[in-house]
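A note on names: the letters A, B, ... follow the listed sequences, proteins ahead of strands, and every chain is numbered from 1.
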Amino acid sequence: MAAVFPNVSSLPAGNYEVLRFGPQSSEDATRTGFPISLFSSVSNVTDVKVKEKALLESFDSLRPLYPEPIMQLSCSYKYYSASIEMERLNSIQGELKDFHNQNFDSQLNKIIDRVEYSLKLLSSRDRPSPSITRTRPVLTRNSLKVLEEWYECHLDHPYPTASQVEWLAQVSSLNTEQVKKWFGNKRSRSKNTRSLTEIAKVKRRQRLLKRH
DNA sequence: CCAAATGATTGAAA
DNA sequence: TTTCAATCATTTGG
C-alpha cells in the first residue's frame with residue numbers, strides 16, 4: 001500500500017513533532033512520523049469533509065485558549081491535507097480513480113484523527129500559561145440580527161434543525177457551535193423552552209416529513 | 001468602580 | 001445524543 005503514495009510517505013519528518021502535546025503515552029511509539037497504520041488498511045471513511053469541518057471549528061474554539069499550539073496544529077494540518085489533495089489531483093486519471101480517492105480520504109481521515117488526539121491532549125494538559133487570558137467573543141450586531149430575527153420568527157418552536165443551524169452559521173458568519181450556544185442561552189434566558197419529550201416528538205415529525 | 005449582559009462550560013436528565 | 005439550568009468569566013454601560 002505504501003508504494004501507492006510514495007510522495008506522501010516522503011514528506012519531511014521534522015514537522016510531525018508539532019502533532020504531539022502533553023504527556024508521552026504508549027502511542028508515541030510512532031514518534032517520528034505518521035502512525036504506521038496510515039498505510040496499513042483502507043478504513044471505511046464516513047465523511048471526511050464533515051470531520052474536517054468539525055476539526056476546523058475545534059481550532060476556532062480552542063484558539064483563544066492556546067494560540068500558539070493551535071496555530072502550529074492548524075498549519076501542520078493544512079500542510080498535510082494540501083499534500084494529500086495534490087496527490088489526489090495527480091492521480092485522477094485511470095480506472096483506479098475511485099480506489100485512489102478512497103485511499104486519499106482514508107489518509108486524510110487518519111490525519112484528522114491524529115490532530116484531534118493532539119487537541120485532546122492539549123485540552124487535558126495542565127492549565128495554559130497564565131499569560132493567556134480567556135476572552136469572550138462579542139458577537140457582531142449583524143450576527144445577532146440574524147439570530148434574533150430567526151428566533152422572533154420561530155417563537156413557538158425556537159429549535160433550528162441541523163441544516164438550519166448550518167444556514168444560520170453561514171449567514172451570521174459564526175460557527176455552528178456558537179449558533180447552538182446562542183439559541184440554548186436565548187431559550188433558557190427567555191424562559192421559552194419545551195419539555196424534552198415534546199422536542200423529540202417534533203423532531204420525529206420533521207424526520208418523517210423529510211422523507212416525503 | 002460595579003452590576004447587568006452575555007458567550008461559554010458543565011453536569012444531569014431523558 | 002440533545003437540551004436545560006446553573007454557573008463561570010469577560011465585557012460593557014452607567
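- For A:Asn142, the CG atom is loosely surrounded, since the number of other residues' heavy atoms within 6.0 Å does not exceed 12.
- When heavy atoms are screened at a 4.0 angstrom cut-off, A:Thr193 is found touching the sugar-phosphate backbone but no base atom.
- Computed from coordinates, the A:Lys201 NZ to C:dT3 C1' distance equals 17 Å when rounded to whole Å.
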**Asked** Which is it for A:Lys51 and A:Glu116 under the side-chain contact (heavy atoms from CB on, under 4.5 Å) test, yes or no, and what are the steps along the way?
**Response** CA-CA 10 Å; A:Lys51 272 187 90 163; A:Glu116 277 173 348; 4.3 Å; yes
**Protein proximity profile, nucleotides 7-14 of chain B - base contact B, sugar-phosphate-only contact S, no contact -, cut-off 4.0 Å on heavy atoms** = BBB---BS
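- Shown for residues 146-158 of chain A: no residue has heavy atoms falling under 4.0 angstrom of DNA chain C.
- Rounding to whole angstrom units, CG of residue A:Asn192 and P of C:dA5 are separated by 11 Å.
- Residue A:Lys180 is out of contact with every strand shown, counting any heavy-atom pair closer than 4.0 Å.
- Residue A:Arg194 has no polar side-chain atom (N or O) positioned under 4.0 Å from OP1 or OP2 of C:dT3.
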**Request:** Walk me through it: do A:Leu119 and A:Ile70 pass the test side-chain contact (heavy atoms from CB on, under 4.5 Å)?
**Result:** CA-CA 8 Å; A:Leu119 286 179; A:Ile70 295 298; 3.6 Å; yes
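- Considering all non-hydrogen atoms of both residues, A:Leu144 and A:Leu139 come closest at CD1-O, 3.8 Å.
- OP1 or OP2 of C:dT3 sits under 4.0 Å from a side-chain N or O of A:Lys203.
- The closest side-chain donor-acceptor pair between A:Glu166 and A:Ser163, if any, does not fall under 3.5 angstrom.
- The nearest whole Å value for the distance from the CZ atom in A:Arg187 to the P atom in B:dT6 is 17 Å.
- Note: A:Trp150 and A:His154 have parallel aromatic rings, judged against thresholds of 30 and 60 degrees for the angle between ring planes.
- For the pair A:Arg194 and A:Tyr159, the NZ or CZ position fails the cation-pi test of under 6.0 Å to the six-membered ring centre and within 45 degrees of the ring normal.
- Around CD of A:Glu85, the count of heavy atoms belonging to other residues, nucleotides or ligands within 6.0 Å exceeds 12.
- Atom NZ of A:Lys191 is separated from atom P of C:dC4 by 13 Å (rounded to the nearest Å).
- In this structure A:Tyr151 satisfies the ring pair (Phe, Tyr, Trp, His ring centres under 6.0 Å) test with no other residue, sequence neighbours excluded.
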